[in-house]
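Report on the following structure.
If you're wondering where the values come from, they're calculated on a predicted model, not measured in any experiment. Below, all heavy atoms of this structure are taken into account, side chains as well, without hydrogens, waters or symmetry copies. Chain naming here is simple, since letters A, B, ... match the order of the sequence lines and numbering starts at 1 in each.
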Protein chains: 2
Amino acid sequence: MAIKDNRDRLEDAAQDSVQLSGFNSLSFRKLADEVGIKSSSVHYHFPEKSDLAHALIVRYSAAVSETLNDIANQRWGLRRKLQAYIAIFEQTAKSERVCLCGMMAAEIEALNDDSRKQLDLFFKMMEQWLVDLLVANGDALNTDVTPAALSSAILSGLEGALLLDRVSGNQSHLNAQKDLILSLV
Amino acid sequence: MAIKDNRDRLEDAAQDSVQLSGFNSLSFRKLADEVGIKSSSVHYHFPEKSDLAHALIVRYSAAVSETLNDIANQRWGLRRKLQAYIAIFEQTAKSERVCLCGMMAAEIEALNDDSRKQLDLFFKMMEQWLVDLLVANGDALNTDVTPAALSSAILSGLEGALLLDRVSGNQSHLNAQKDLILSLV
DNA sequence: GTCTATATACAGATAGAC
DNA sequence: GTCTATCTGTATATAGAC
């Protein structure tokens, strides 16, 4: 990995902050402090807060998309690929964070149209990946629910589980989602 | 319904605001404006913002709990009672809001320990109601997943669906959850 | 219970020097 | 690309009159 410039470090700190406490409670001052510069310098990289929101969603989408691509390219069966998909969420839960886009979804009223569109694209990408996987393995499915509906339910289930598990302080919801999802394949 | 005093009207406005845009972006000034009083008068009813958060969660929990009680007392079968449970979320989705406690869960870092405990109780109550329903109708279940795990997955699924449906602008996730849940009974 | 007035802190954002 | 300095707005919260 190349040496990170301040823009990268700002995005790292911002993503962390959003996944922990949300976009509304993120401030340019706190961000600047963490990176060791002044808040006016943050505005050099992201003129308005909306520019930062947009950059974070695009960056997060690209990172997750790459992970999904890696999984898709493995010579694994349906079940193992589903487990790898769920493991993305388990990784997030382990550090007591939620999905960046799940958090942004809760705060959608604070986002402009550009960011909302990117957010929509993220979830559609997450769902389409599942649809492709399920359709390619349709004969292994143990349910009458269509691949489209099943994908939609799986994704929203995992996003919701991350949220509720921070309240309960364990991973019971994520584990339950995993049980349910794997019972269907 | 009795005439609402300003405290009630403040709670109404606050709940609405939280379900639309979150607790962090709620301010005593905006709240006061909506009710037609001054922000200092809001502090009379809720000395600190944390007092308001706590009151909102308790009030919301009581309201939903009452609805669940009504459903439980009906002479309905498992399927119809599940549909009524889901309908609570559909009502929320129709007005493009999310569950108050789902939103608070996303913003849990802004809550004090008292409120976090109340939030935990809300979700545990929602799950226990489902567990009781599923256990009482165990022979009708079309899955190997335990009632506890199934309840946990159903609740987090519905909460997540409300969140994601505001991004997509339709009720596709909630409908998908409904399809999946009803396919299991 | 509500008001005016105010204290204090912090937010996003910009101008201009280096 | 970062800084100092500052503008303007808004946040939570409190004191004290009515």
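For the side-chain hydrogen bond (donor to acceptor under 3.5 Å, both in side chains) condition, the pairs that include at least one residue of residues 81-97 of chain A, sequence neighbours left out, are A:Asp16-A:Arg97, A:Glu90-A:Lys178. Residue pairs meeting the ring-ring contact (aromatic ring centres under 6.0 Å, His included) criterion with at least one partner in residues 50-72 of chain A, sequence neighbours excluded, are A:Tyr60-A:Phe122. Within the structure, the salt bridge (charged side-chain N to carboxylate O under 4.0 Å, His left out) test picks out no pair touching residues 134-150 of chain B (sequence neighbours left out). Applying the ring-ring contact (aromatic ring centres under 6.0 Å, His included) rule to pairs touching residues 144-171 of chain B yields nothing, sequence neighbours excluded.
The stretch residues 43-50 of chain B touches DNA chain C through B:Tyr44, B:His45, each having a heavy atom under 4.0 angstrom from the strand. Residues of residues 103-117 of chain A that place a heavy atom closer than 4.0 Å to DNA chain C do not occur. Less than 4.0 Å separates DNA chain C from at least one heavy atom of each of the following residues of residues 18-33 of chain A: A:Leu26, A:Ser27, A:Phe28, A:Arg29, A:Lys30.
Taking the salt bridge (Lys or Arg N to Asp or Glu O under 4.0 Å) definition, one finds that B:Asp120 meets it with B:Lys124, sequence neighbours left out. Evaluation of the side chain to side chain donor-acceptor pair (under 3.5 Å) rule for B:Ser115 yields B:Asn112 as partners, not counting sequence neighbours. Contacts of B:Gln15 classified as side chain to side chain donor-acceptor pair (under 3.5 Å), with partners at least two apart in sequence or in another chain: B:Gln19, B:Arg59. Looking at residues two or more places apart in sequence or on another chain, you find a side chain to side chain donor-acceptor pair (under 3.5 Å) between B:Lys4 and B:Asp12.
Remark: the A:Ser40 side chain and the D:dT4 base include a donor-acceptor N/O pair separated by less than 3.5 Å.
We find that NZ of A:Lys38 is positioned 17 Å from C1' of C:dT14, with the value rounded to whole Å. Atom CG in B:Asn6 sits about 9 Å away from atom P in C:dG1, given to the nearest Å.
Clustering of Ile, Leu, Val, Met, Phe, Trp and Tyr by side-chain heavy atoms under 4.5 Å joins A:Val131 with A:Val135.
For A:Ser41 and D:dG1, the shortest distance from a side-chain N or O to OP1 or OP2 is not below 4.0 Å.
Figure legend: cation-pi geometry between B:Lys49 and B:Phe23, with NZ or CZ positioned under 6.0 Å from the six-membered ring centre and within 45° of its axis.
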